[in-house]
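As structure tokens, the structure follows; a few thoughts come after it.
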Amino acid sequence: MTHPGEEVEDGPTSAREQQRRLVEEYYADLADAGGPRKPVAYMLVGGNLTEIVRSFGYEVVFPEIVALNCAIKHESLPNILHAEAQGYGLDVCGYVKNDLGLQELGGKTPFGRIPPPDLLVCSFSGCYVYIKWWEALAEKYGCPLFVLDVPYMRDERPRSEEIEYVVAQLNEFIALLERTTGRSFDRGELRRMLAHSRKAEEGWVRYLSAGRRRPSPIEAYFEAVFYMFPINVLRGTAAAADFYDTVDAEVTARVRAGEYPVPEEKVRLVVEGVPPYPSYRTFWDFFRRWGAVSVAATYPKVGGLFDQGFLHDPDRPLESIAEYSMAAYVNQSWGLRRRLIASYAKEFEADAVVIHGIKSCRSFTAGQGDLRDWLIHEQGIPTLYLESDHEDPRYFAPAQIKNRMDAFFESLDRRRSTVSLPMVGA
Amino acid sequence: MTLVAGVDIGSTTAKCALIEDGKVVGRSLNPVGVELVKDAERALALALSDSGRERRDVRAVTGTGYGRFKVTFGQFTVTEIGCHAKGAHFLFPATRVVLDIGGQDTKAIKVDANGVVIDFAMNDKCAAGTGRFLDVCAGALGYDVSEIGPLSLGARRPVKVTNTCTVFAESEVSSYVARGKDPKDILAGLYGSIVSRSLSLLQRVGVEPEVTFTGGVSRNEGMVRTLRARLGLPVNVSPLSQFVGAIGAALYGLERLEAVPA
Amino acid sequence: MITCGLDLGAGSTKGVLLEDGRRIVATALAPTRGHAVDAGRTVLELLAEEANLFPGDIEYLCTTGGARYAFPDRHLQVSDITASARGAVFLRPGVRHVVDIGSQSSRAMSVSETGRVLRFKMNEKCAAGAGRFVDRCAKYLQVPLDEMAPKALASTKPKIISSVCAVLAETEIINNVAEDVPLPDILMGVFLSLAQRAYVLMRNVGIQPDVALVGGLVRSEAMVRALERTVGAPIVADPQAPHAAAIGAAVLGHSRLQKLSQRPTPLAAAEV
Amino acid sequence: MVSDVLAGADPDASDSPPVLELHGELEEFSRAAPLDVTLRLAREIVTDPTYPTVRAWTRSGRSAVGCFPVYTPQELLHSIGLLPVALHGGGENVEISHADAALGSFLCSISKSTLELALTARLAPFRGFVFPYICDVSRNLEGIFARVLPETPTYMLHLPQNFRSGATVRFLVSEYRRLAERLERAGARPYAPGPLAASIELFNAQRSRIAELAARRRAHPGQISLAESYLLRRLGGLLPREIHVPLLDRVLAELSERPVRSRDAIRVALVGPFCEQPSLDLIDLLEQVGCEVVDDELLPLYGWYGRIDPSGDPLEALARAYVESPVDIGVRAAPSTKGGAILDRVEAANAQGVIFLTAKFCEPALEDIVLYRKALDRERIPYLHLEFEERSTSYEQARLQLETFVESILFD
Ligand SMILES: Nc1ncnc2c1ncn2[C@@H]1O[C@H](COP(=O)(O)OP(=O)(O)O)[C@@H](O)[C@H]1O
Ligand SMILES: Nc1ncnc2c1ncn2[C@@H]1O[C@H](COP(=O)(O)OP(=O)(O)O)[C@@H](O)[C@H]1O
Ligand code: SF4
Ligand code: SF4
Ligand code: SF4
């Protein structure tokens, strides 16, 4: 079956090409297990400790990203079914099921094989499922598991006792790494990596803030998802830092040439929630048909709320890592999350908010209905709530979703001018 | 003097309404079958013969409902959410909230003073709590769905219907029948269960008077009564309630014609 | 020694008479229609007639199925999962995995060589994976149940129904019909999607040959083929398999009766 | 959020039980009464979603705070002058019509019904709420409470998950201090070590009585049914502990007089209902079909630790007790491996099988089961997994599966 979205062009491509290359190289490196390979650490995106483990010579695998790569390539279902056959219920997070299914099936992904972990780092930063997932991996592989307990973010800025707690754990983590690798901690190396991270983060923030322009030269949800790979997976490397220069150049070129992700920008959106990866193109296409472009989104912030000032700082290595970990998007209390979304809507001059709920992700989703209610009734922002899954193609009902989107955009259109507006053609 | 038609191809029924000079001058209602294009054509043809007009008199045909893209002979398509809002506003201009319960889904729609949709919410999980649910349960009680409306009157001890699944609710109903429960109480239990699901949807958009109840299930007076009681508010129901979507569609076509003179 | 197994199911009531725990001497079936006790009595009469016995000749009656407690004249009741496992192994001793698809539920179980249930899993809450779904499709597509299989087997490109809901699946079928998907492909799609749901349950308990299908759906050859295709292994489909639960109940009834007669109970005394 | 129109309507006219009124000093529980009278009253209180004991307590101006499962430092709340009350959802009597909209469909009942109670003013007697971070749902629920009940202080208590760090106890102490500060708005006194030491002793006493009750049940399963002992435990989260402790003493004394029934049943460990609780009917059903529950995760609140020694810094002692607790349930990072843990439990309880009874949509429970299952499969220990929801009236499916499970162990 071809999805209508499949034929749609990705838009300007040089950064996309570079990103594709980075993805391929990364997986090729991982798969290259011929000789003595680098040790591998499995990590979670939210509040991750990439720089620290990289400074000890580890390569990093993010099962969440592997899972979304599988889903977007329509290869998640067999993994999910395999996990279900082992007893994982229908309601368990699709990322978990994809990963554990895939591990049982030998680690095959659309890009290459994933090596098993030598170290498991569970940054408990925003999702309780992380703990369960890493427990299952630890039980399967029997390798060391480090749980970094990251306090939930309940104030605008982390409190000093929270930072102290996380930093104390980071020091214990470093001691663990020294013991397991036999290497001693190289503070200079960590600083160099954090400097690369800092540069990448600043570039990423610049890219995302381009959505403020009218029309927006970027697609802050669908396109940004492609550009998230370096900031999440390759952080700490020069390649990641340089990538955002390419992105920068491209955005500038687009503005100059008047090339926009949606040729005629009709609706500016803030999008909240994890994308429906198995139907990514179809979903994106539903938006494009209405001339809707996301100018800001929360999902690209799962790796870190860099735009809110939580950047890595080579001069305060562990403290800045601790702050960064606490500020992971899903580790924000609902009060903070709500305010952030409303501020995006205001600052990026959005017409509406679209929330995509994930049936199997409670961390993101539980309470999105209340968010919707708050946006509509207390902020006066039209808001659409849609629901499917980030991994499981069985939960995407295209007709239903399209019907809701059509109705929503119809009503937005009509509310802006109650007279003549084009009807949707068949 | 403009005659316009709205064709609403739902999951269960095909409806057509003809409007002229702000009046509904013809209508038709049929079950949908497997050939939706034909059903749509038939809906229009029957409405025309109901009104005594000719096909060529119709200035615009607008399709709505799940099968709106099957109204291939029409000029426009609009979602049924927009149409129910517009149709309800037409029939009851003070409408602020529309509850539409059709064969397969339930929608709560909030509208502004012009009948424009501000917000809406739909059931998402399954067919539970919709017209189909009633059809199936009516069957289990040995009635047709068109007969069960008045039967819950005088229920004393409504049963609890907790199954969220239409199919299992059917067996829950059968088991109540087998246990000799009064059909009154069973129906009251069913209505209560559908209404409480609808309230949860209404809650999402916020309840404000006036509330207008549309869609095929609004023809069931037991449902209307239960809804009124649970909301504690008057609820508008038109004799044309099942046609509200089609009426709204026709009006959309009219508006469109007026906006873009041919 | 005649024992009777009576399976009071949601859709239909099935009964068998078993002689000496070894030979099936009669089988019967009647629609339940919400009146399990009446249906059970009817089945008992049918059984007696077929075996040329008086109902009083039945020495032990074991019920099973959803209404197992509702039938008053029983000596014992067992769950239908326990019973269909026993029945399946009674019919084909090599069976180690049983799939039971009835009107409202489907179950998968792994069983020991005596037919004891080791692990099982059933669908809950959602009726999408059971016979009622087939019944609705049959009704909707206006194909009699018995004719579904031969038609479905002519399918070349089956169209799988993706909707998880038995009720919403109907709409999907409407769409398929509207899109001119050939009838055999739609029909086979129905069976395949049922098979896929069953397969999830099966994998959950672990699949071991021989695998048997029991319950009402085994009557449909298309269902058996669909399951074979999904599982990738041959499926045992005994002609008596729709009665597996009733058979299992009779078998358990027999062993219970034997145990009782070894003891000097009044029942045993009467027999001597 | 609650539209006035809806809040005015009786949310559940047809099936809510009559609202129970208790004496302000809760005299009903302070007097000696036969066990069955106590149990009948307990049943009424537990199934009344309007919190009769809390209403009685607050009538004279005292404050109560609602604590979501599974762990809250109740000793601390008590010491600052608050009655810590265990929130356990709405049970089968609460119809959900408001909470679904805020929370979404794929969530456990306890989260929805607890929010429903808040939205329908049934939690009005509470002056504050504590939501421990046991899972993403409980955590997010706090954020929703904070919005829908802006006048009532709520606190998301970050329960640590790193049990090996040297910094954890210190952090937890700072959490507790923050919690106490936060609850000053709920009418709490400022924290002081002396009162905390006294409160710890009171809860020590409660825990020891409950442990005694469990020991009795293990020794003579016929003497008190699972549902009965469960009801007595539930009361412990609803009554002032000063009343509950003597009540348990009276119960224990009377129990010794009860005849010991013996029956033919299989011994099972009950795993999974650590947060949302199954209905009393379902608990009864377990015994009806022939299971003797010899180990269970129901209401883990009382089992976190044994006696705490409050001499020294009592707040640190309290924090340390939590961090060093041996409790291993789905909402705590496992100290060892899940597989090993379940086998140990089965052995310790001498159980013949395991019943996983998990709340529908409770992800922490669902994820553990897979690891548990693998270990049980290896050892060929039979198990059954059942899911439950608050609002179900028919247990046909559960009965069918439970009976099959029992039959598969009993028949050869
Ligand atoms: N005469 C009637 N009395 C009561 N209910 C009716 C009647 N006619 C139809 N219905 C209900 O209306 C439903 C169909 O509603 P409708 O709005 O036409 O659905 P859709 O637009 O989805 O096709 C049926 O499922 C049935 O429950
Ligand atoms: N010839 C047939 N072809 C396909 N399906 C059939 C046929 N005969 C019966 N069935 C299916 O079997 C189901 C009944 O199965 P059964 O095991 O008797 O159910 P229960 O025990 O729940 O009453 C029916 O719902 C029907 O779908
Ligand atoms: S945040 Fe959601 S998607 Fe991510 S691991 Fe947790 S449950 Fe899964
Ligand atoms: S529970 Fe029933 S109504 Fe709901 S999806 Fe399943 S079959 Fe459909
Ligand atoms: S029942 Fe489970 S998911 Fe729900 S709040 Fe409790 S622990 Fe969380």
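This structure is a prediction, so every number in the text was calculated from the model and none was measured. The chains referred to below are lettered A, B, ... by the order of the sequence lines, with proteins before strands, and numbering in each begins at 1. Any value given below was found using the heavy atoms of this structure, including those in side chains, with hydrogens, waters and symmetry copies removed.
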Fill in the blank from the handout: Of N140(D), D100(D), T337(D), the largest count of non-hydrogen pairs under 4.5 angstrom with chain A goes to N140(D)
Problem - Any P276(A) side-chain heavy atom under 4.5 Å of F396(A) side chain - result: yes
Exercise for the section: Could you tell me whether R185(D) atom CZ has more than 12 heavy atoms of other residues or ligands within 6.0 Å of it? Expected result: yes
Fill in the blank from the handout: Between S123(A) and G46(A) the two heavy atoms that sit nearest each other are OG-O, 2.9 Å
Practice task
State whether a side-chain donor-acceptor pair under 3.5 Å links Y88(A) with Q86(A).
Solution key: no
Completion exercise
residues 326-339 of chain A vs chain D, non-hydrogen distance cutoff under 4.5 Å, contacting residues -> V330(A), W334(A), R338(A)
Practice task
Tell me, for W133(A) versus chain D, whether the close heavy atoms (under 4.5 Å) come from the side chain, the backbone, both or neither.
Solution key: neither
Problem - Choice from S111(D), G104(D), P160(D), C135(D) maximising heavy atom contacts with chain A below 4.5 Å - result: P160(D)
Exercise for the section: Check the side chains of T120(D) and H98(D) for a donor-acceptor pair under 3.5 angstrom, ignoring hydrogens and angles. Expected result: no
Problem - Face-on cation placement of K360(D) at F106(D) ring, 6.0 Å and 45° thresholds - result: no
Exercise for the section: Report yes if the side chains of L102(A) and D99(A) come closer than 4.5 Å at any heavy-atom pair, otherwise no. Expected result: yes
Problem - Pair R372(A) + E272(A): basic N to acidic O under 4.0 Å - result: no
Fill in the blank from the handout: Of the listed H158(D), K374(D), R164(D), the one with the largest count of heavy-atom pairs under 4.5 Å with chain A is H158(D)
Handout entry: Test log, rule salt bridge (Lys or Arg N to Asp or Glu O under 4.0 Å), inputs K132(A) and E363(D)
Key = CA-CA 9 Å; K132(A) 305 271 94 187; E363(D) 196 167 359; over 6 Å; no
Practice task
Name the option with the most non-hydrogen atom pairs under 4.5 Å to chain A; the candidates are K338(D), R139(D), R373(D).
Solution key: R139(D)
Completion exercise
Cut-off 4.5 Å, heavy atoms of chain D, and the answer for L90(A) is neither
Exercise for the section: Check the angle between the aromatic planes of Y322(D) and F163(D) and answer parallel, tilted or perpendicular using the 30° and 60° thresholds. Expected result: tilted
Practice task
Report yes or no: does H390(A) contribute a side-chain atom to a donor-acceptor pair with the main-chain N or O of V274(A) at less than 3.5 Å?
Solution key: no
Exercise for the section: Flag the one option from L148(A), D149(A), T365(A) with the top tally of heavy-atom pairs under 4.5 Å to chain D. Expected result: D149(A)
Practice task
Report yes or no: does S388(A) contribute a side-chain atom to a donor-acceptor pair with the main-chain N or O of Y395(A) at less than 3.5 Å?
Solution key: no
Practice task
Please step through side chain to side chain donor-acceptor pair (under 3.5 Å) for the pair Q103(A) and Y42(A), ending with a clear verdict.
Solution key: CA-CA 12 Å; Q103(A) 300 288 347; Y42(A) 277 21; 3.2 Å; yes
Handout entry: Residues in residues 134-144 of chain A that sit under 4.5 Å from chain D, counting heavy atoms only
Key = E135(A), A136(A), E139(A)
Exercise for the section: Heavy-atom pairs under 4.5 Å with chain D are the metric here; pick the option from Y165(A), F146(A), F124(A) that has the most. Expected result: Y165(A)
Practice task
Examine whether an atom of V96(A) lies under 4.5 Å from a heavy atom of chain D, and if so say whether it belongs to the side chain, the backbone or both; otherwise answer neither.
Solution key: side chain
Practice task
May I ask you to decide if E116(D)'s main-chain N or O and S113(D)'s side chain share a donor-acceptor pair within less than 3.5 Å?
Solution key: no
Practice task
Determine, using ring centers only, whether F131(D) and Y155(D) are less than 6.0 Å apart.
Solution key: no
Handout entry: Side chain proximity check, D370(A) to V148(D), heavy atoms < 4.5 angstrom
Key = yes
Handout entry: Heavy-atom pair count under 4.5 Å with chain D, highest-scoring of A168(A), C361(A), G126(A), G357(A)
Key = G126(A)
Handout entry: Those residues of residues 323-332 of chain D, ordered by number, that approach chain A below 4.5 Å (heavy atom to heavy atom)
Key = G330(D), V331(D), R332(D)
Fill in the blank from the handout: Max heavy-atom pairs within cutoff under 4.5 Å with chain A, candidates M156(D), E367(D), E142(D), goes to E367(D)
Problem - Part of residues 175-183 of chain D lying next to chain A, heavy-atom separation under 4.5 Å - result: E175(D), R178(D)
Exercise for the section: Go through the atoms of I134(D) and report whether side chain, backbone, both or neither lie under 4.5 Å from a heavy atom of chain A. Expected result: backbone
Practice task
Return yes if a side-chain donor-acceptor contact under 3.5 Å exists between Y383(D) and D377(D), otherwise no.
Solution key: yes
Exercise for the section: Assess the side chains of Y130(A) and E64(A): does a donor N or O sit below 3.5 Å from an acceptor N or O? Expected result: yes
Exercise for the section: Using distance alone, with no hydrogens and no angle criterion, decide if S109(D) and E389(D) have a side-chain donor and acceptor under 3.5 Å apart. Expected result: no
Handout entry: Residue among P151(A), A83(A), C122(A), S360(A) with most heavy-atom pairs under 4.5 Å to chain D
Key = P151(A)
Handout entry: Interface moiety of T168(D) toward chain A, non-hydrogen atoms closer than 4.5 Å
Key = both
Practice task
Name the region of L103(D), side chain, backbone, both or neither, that has any atom closer than 4.5 Å to a heavy atom of chain A.
Solution key: both
Problem - Salt bridge E378(A)-R147(D), side-chain N to carboxylate O under 4.0 Å - result: yes
Handout entry: Backbone of D313(D) reached by a side-chain donor or acceptor of E316(D) within 3.5 Å
Key = no
Practice task
Indicate whether the side chain of E172(A) and that of S165(D) have a donor and an acceptor atom separated by less than 3.5 Å.
Solution key: yes
Practice task
Establish, yes or no, whether a centroid distance under 6.0 Å links the rings of Y152(A) and Y133(D).
Solution key: yes
Handout entry: Sidechain-backbone polar pair: D136(D) side chain, Y128(A) backbone, donor-acceptor under 3.5 Å
Key = yes
